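By convention in this document, chain letters (A, B, ...) are assigned in the order of the sequence lines, proteins followed by strands, and residues within each chain are numbered from 1. As the structure is a prediction and not an experimental result, all values here were calculated from the model.
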Amino acid sequence: MTTQNDTLLHVSNLKKHFPIYNRGILGKRVTNYVKAVDGVNFTISRGEVLGLVGESGCGKTTTGRTILRAETPTDGSIIFRDNDKGEIDLALLNREELRDVWRNIQLIFQDPYSSLNPRMTLEQIVGEPLHNYDVLKGGALRDRVAELLGLVGLRPEYMSRYPHAFSGGQRQRIGIARALALNPQMIICDEPVSALDVSIQAQILNLLQDLQAQFQLTYLFISHDLSVVRHLCHRVAVMYVGKIVEIASTEELFNNIQHPYCEALLSSAPTPDPRAKRKHVPLIGEVPDPANPPPGCYFHPRCLYAKEQCKAEPPLLREVKPGHWSACHFSEELSLGS
Amino acid sequence: MFQFLMRRSLAALATIWVISIVSFVIIQLPPGDFLTTYMANLREMGERVPEEQIAAMRERYGLGEPMFVQYYKWMRGIIQDGDFGRSMEWGVPVSMLLWDRIGLTVMVGLSSILFVWVVAIPVGVYSATHQYSILDYLFTFIGFLGLAIPNFLLALVLMWIGWSVFGQNVGGLYSPEYSNAPWSIGKFIDLLSHLWIPMLIVGTSWTAGLIRTMRANMLDEINQPYVETARAKGLTEWRLVWKYPVRVALNPFISTVGYALPQIVGGVLITAVVLNLPTIGPLLLRALLSQDMFMAGAIVMILSILTVIGTLISDILLAVFDPRIRLE
Amino acid sequence: MANVEQRGQKANSELSPILDADILEPEKEKIAVATPRQLMWWKFRKHRVAVFSGILLIIFYTIALFADFISPYDPNAFDAKHKFVPPMYVSFINEDGNFTLRPGVHGLILHKNPETLRITYEKDKSVWYPVHFFVRERPYKLLGFIETDIHLFGLGEEAGSDKIFVLGSDRLGRDMLSRIFYGARISLSIGLVSVFLSLTLGIVLGGISGYYGGWTDNIIQRVIEFIRSVPGLPLWMALSAALPSDWSQIRRYFGITIILSMIGWTELGRQVRGRFLALRTEDFVLSARLSGARDLRIILRHMVPSFTSHIIASLTLSVPGIILTETGLSFLGLGLRQPVVSWGVLLQEAQNIRTVALAPWLLLPGLAVVLTVLAFNFLGDGLRDAADPFSR
Amino acid sequence: MGKNGLSRRDFLKASAAAAAAVVAARNVPVTSAAPLRQGMYKEAPMLADLVAAGDLPPVEQRLPVNPRVITPTHEVGQYGGTLRRAFKGLSDRWGPVKLSEEGAIQWDAPDPENATLVANYISEWSQNEDASEYVFTLREGLKWSDGMPFTTEDVQFYYDKIFIPQLHTRPGPLQVGLTGEGDEGIMQLEVIDELTWKVSFSTPNPLFVLRFGNDTMGMIAGPSMAAPKHYLEKFLGDADTADQALIDAAMAANGVTTWQELWYESGPGDARGPINFFFRNPDLPVINPWRSLNSPLDDPWVMERNPYYHAVDTEGNQLPYIDGMSHALFQETETLNLWIAQGLIDMQQRHVSSANFTFFKENEEAGDYKVVTWKSATTNAFHPNISHPDPAIRAVFDVAEFREALSIAINREELNELVYSGLLEPRQASPVSGSPNFDPEFETKWIEYDPDRANQLLDDLGYDQRDGDGYRLRPDGERLAFTITYSEALSNMNPDEVQVVTSYWEAIGIQISQQVLERSLLEERNRAGDIEIGVWPVDRSSVVMGDPRRYTGTIDDGCWAPNYAIYMADIVYGDGTTDRPFVLEPPADHPVRRIAELWDQVQKEPDEATRNALFKEIMDIHKEHPYMIGTVGEDPAPVIVKNYVGNVGSGFINDDTMRNVGIARPKQFFIRS
């Protein structure tokens, strides 16, 4: 991993379990837990773009939201190195303290429709954080909103319009403008383009990339789309059923796969280069129910290379190469990927 | 299914228990205790009551004991002996007065529901299949009108028309010659000839709502692809509509019975007062006006229990028809 | 702060090119900047019946507000010489048989059958009283504070003891028109006051239930389920019968109002809760929180506005139920009573079939009830349809 | 004075005088007419059939040796038919009861002019010099409806098991068997022989017969002072005669759990239980003209003639004429009104209100009936509470001029026209015309409408200052404002009257608010004594001495000095042990003290002239400055009589004291075929 000094966020052993209730004769009782996030570890350096990839339901969105403390973690720590305040464990903060943190960490939502209050004008939406933190008021606020709109490629004249007047892509720009309003150090992008038309996706991705470069932003970029991640991220973490199974720099990961799941995932994704020859590894079977995951390695029922050990012993995430971590008993023995 | 049944039954029991408390509170609500009321009633009728008798009654009804003891005694009486207490006004056990009338109340209520269904389902289907037709608008309007006219007003107007146009008293459930007669075909026919008026009155206020529900459900169903498929297969329009969409549309309809029931009971009650039906309604009103509270409490309780049971039955029916409900 | 400025400066200089978001034509631009309320209004306007109903209700409420100005007579002023006068035809033919532009009424000759004591009236063609407008008569306080004695119309002094009964008179010779107007005050306001109370209860309890969830939610849900599963009318009857009868009419009015709202809040509570539950997980609520909004601001600025329109629609739809219940209770003698004039009280007086057979115009308050209830239903329907202008 | 086609004031002037004469105790026996010769009796065809079939003994053996002879009101009637009537169910017992009750001494009025107390199932009675002993003799051969002989054993049984002397430890107002002097005041019974018994009191009880005539003393609608021992003793759970099987069956049928509850409804001694009240027990032997056939919980409840009834008409026809009665159940009076108009009711007075006079008249032809009018011994009245706990209010009300102002501010003619279609009579709250206590001066006291004088009176009393709203102010600066408290159930008084009177009083500058109470609560409040102005009709105004509680102020349901009434009740009836709190004592020289003393003397005064003079003094106190502000009264009490029903007289007085419908002697009503 990168040096400690550069680390902006250090997530360790993060868990988020949702209780399952069963309505019995005498009311509700908890019968089980959905382990949406189950012991996730990673770090992000300042200015880095970390991709978090996985099939839908693997817990990546929950991970993002838990880091933001939109969800309360069941266990683990989320150390954030604030510019001014030094290291803070987000997992321990109360609501009021979190408000301070959210000045520095922001979220870009997947759905540009539901994430904008339809009863507010652009000015109110984008200005909301500025207003809430008493950063700016009146004309200054308006100017800043205009500026932010400009940043994301929208005309300042639109300020008095309501979201219903905008297309999906435009709305996502509004969401980005809002996230940028307070100059956060880090932005969690929760599948920011998956709800958009393919033609628009590139525009938004470029915008995000530009902004990242321009402001040296740190992104946790959550996506199920490997090609998007490859295009944008410095490093990539792959999640499977609440756990990270492989994490490495983008270059390293795409060229030197260490985990069978990643291999399957990669081979099922469309490649940007049709000429590139890749071994086709089918992803068979269903993603297991996170409430009742299989014993041992969660992936073993779908794994082409599964052995006895995999059925009994859960593999740990370990550094198989410098900067390349994988959670497979047999990473070193298998020769995966292209 | 068993779990579902148990859960619903337990909930119903809990509700009934709360109802019993509410009813007891109603009995206790009027200022003073019911004995003063009782004595006043006796005097109104010309009786003279010595103080000794008042003291004797005070003892007998356990007045002056803590509230929960009185409640316990009252509940024990109901559960053990079906004794709901004594009607102050009538001077006999409440239970002696109620059962006949409860039967008729349930009958009027059920026939009203039947009426509502018989009218609302076909009209709703028609309105959905002939959306925005003149008849559709007409039904909607009539439905709204039925919703807007208070039951008692409709009853009053019908009574007035009956009286001033036909010189007939349209009240009651039987003609005088049948009122004390044993059950016979003649009496039954006579009953039917009187029953349609309260049925109509209670029904009107509910058909509107149900027509709209049915129409909306039908519209949802009728645009489903499977209907198109069936049409493509050459089913006649009539069979097409009645075979599938109606059946499916009926499901949410059944569940409306659950919440319609309490209101229909209320409708029957107020209509019965105007039409002088020998149901429980006029008895309740009279009990309330003369503060015959054991009677009033018992009636509120019995009506509520009947409603809860009715709702339970409709819940169970619904669960039988629509297994999704069970999982909820 | 400095940081922000600095970055802003930088950003300005390196603006990415503005993307080709459309410059809208004026008509579309109008829609683009329309507030949600405006959108709702535009949508509502298309619902003709609802608009008409709304206008009707405004008229009704105006009448209620200015009842003392519009009513020709005191609603409780009796008149032994004018019992059971049928509604009068306002005629434009004066005593000489000539047409005039001024409306007026003919005099009445009273006949009393010596045997049955039945009173009948005959039109006296030789007497014609023109209707005067803005006549000065019994003093009153307009809106409760402006002292005046001007009334919209009346027969003036020249008519002496003769009167105009546009909707007839009742058994004590009281003017039905004035009584219906005054009755509107109680009957229309009881709906609003009660709905307001229901709303408060519903929003507070439903809001708590929906926003916090958990066991509070559970308890409130059970209470709502209980109230809804018990037949209302007997319960309301019992509760109104149990109101201490030595209460003044004002207290009684509020007592009844509270009873009505105790039942009415459940439906609203359920809806508010449902909305809260749905909204709580909406992304824009989360985004507001991440934007540093505190709970109160989230609820008031983000959640409440997005369901007010729905709530207004359901409020409108629940007013008629309350009006009907008040009318029903008063009709049964368990609600309000004389000398308070409400539509229910008026109908209770019409409960008597014999009287109604003699004087069917006593049922007219029922028409007022029906019209009001219909209007509220249509209005509520229109509002409900218009409530969600953002439906995708 | 004829008005609206109704005769007025021609009522029982003579009759009441006759009544007073009866009350004037004579110590000579009062006997019924001489017996008719045997073999001259005729009977109803339905009974003749039974006799022919051998199911019933012949009429001569069923009648007593000397049956009572009743002179028909109009003509000798015909046998047969069922009279259709209506009632409100079990609680409406007084309708059927007053139709058929049988006192030893009973009011009888062959015509409205002649109402007297006569011997009914007894052949004669007598009393001693100081009116402390009374001797009664049964008609020989009198039988219960099951044919069993009626003897003094039945009287003893009644005294021991229903009257239960031990129960009466403290006298209450107007208890017939008590004189109001502690334990010794309780009626003592001595059976002399099979037909004769004597009751005695420790002090003179001259009003005993008068009260006896209006009370069957617990055995409602049964024979006063007797009960069918041979039947009832089987139901005495603690006696040797008990038949447990019968008791168990009766308990089960009536939903009660103890045998005592078969005997009483509310407590020992009320004799309204399911077993000893003929209304509820078809098996109970009676001596009434009709006996019950089913339960009053049934609809209709029906009665059938008693074959052993002890009276005949002047031609020797055994009464009653009518075979049976049928009472249909109704909830709302409205329903009854419609039934009447449809001709479904044959004869009815109870629940028939003068408020619907026009409706009844207009439907006479359609319903094939006539509206016959009687006259209620009632005047509607407002009662300013001169004993109000607030001394300021008391000071206002207890001034004659103030009450006069209230009274003359009422336009009684207009009120009458407005609310009662002019059917009633403007009058002061006073004994009705025809009453022995009738006083034309009293009747017209303060009834002339004179608002100017009313205003003048109030000005002179110091209420001449007015506030911004035009209301008068008391000298202490408070507004002259009162609350009228009333119930919507005011017998025949129309609550509209309160609205109208309110406006009259508002017109003279007094602010009036209204409070409507449920009836029992009104009584409760009246007992508490803090009502400002109460509303209640002043009834019992025919033979006032029979029940003078309206005038002595000791009745529970509306009176003019409730707080003084406690004090007065103590003087008049009590031994100082009433459980009502002693709120207020009347001032030393207050007239109510005199009223109480006078009434105490009246009750014990054996000499008729002295007694009447003492009683007149009570009425004169009221006349001097009425406490109860009467408005209109002498309600015409319409009676619906089907055209084929005969012998229902008109013009009778309608008063509880004279048993309402009972005074028209329903047993001689008949149905023309």
[X]-[Y] side chain donor-acceptor pair, cut-off 3.5 Å:
X      : Y      : answer
C:D283 : A:S114 : yes
A:Q124 : A:R119 : no
A:N132 : A:E128 : yes
A:S223 : A:E191 : no

Contacting region of [X] [heavy-atom separation from chain C under 4.5 Å]:
X      : value
A:R69  : backbone
A:Q106 : side chain
A:T121 : neither
A:M159 : neither

TODO: Kindly confirm or rule out a cation-pi arrangement of C:K46 over C:F44, judged by NZ or CZ under 6.0 Å from the six-membered ring centre and within 45° of its axis?
DONE: no
TODO: Could you tell me which portion of C:R301 (side chain, backbone, both or neither) has an atom closer than 4.5 angstrom to a non-hydrogen atom of chain A?
DONE: both
TODO: Against chain C, work out which of A:I105, A:L148, A:D100, A:N117 has the most heavy-atom pairs shorter than 4.5 Å and name it.
DONE: A:N117
Task: Among the listed options A:E96, A:R65, A:R99, the residue most often paired with chain C at heavy-atom distances under 4.5 Å - done: A:R99
Open item on the list: Is the distance between the ring centroids of A:Y158 and A:F166 under 6.0 Å?
Closed with: yes
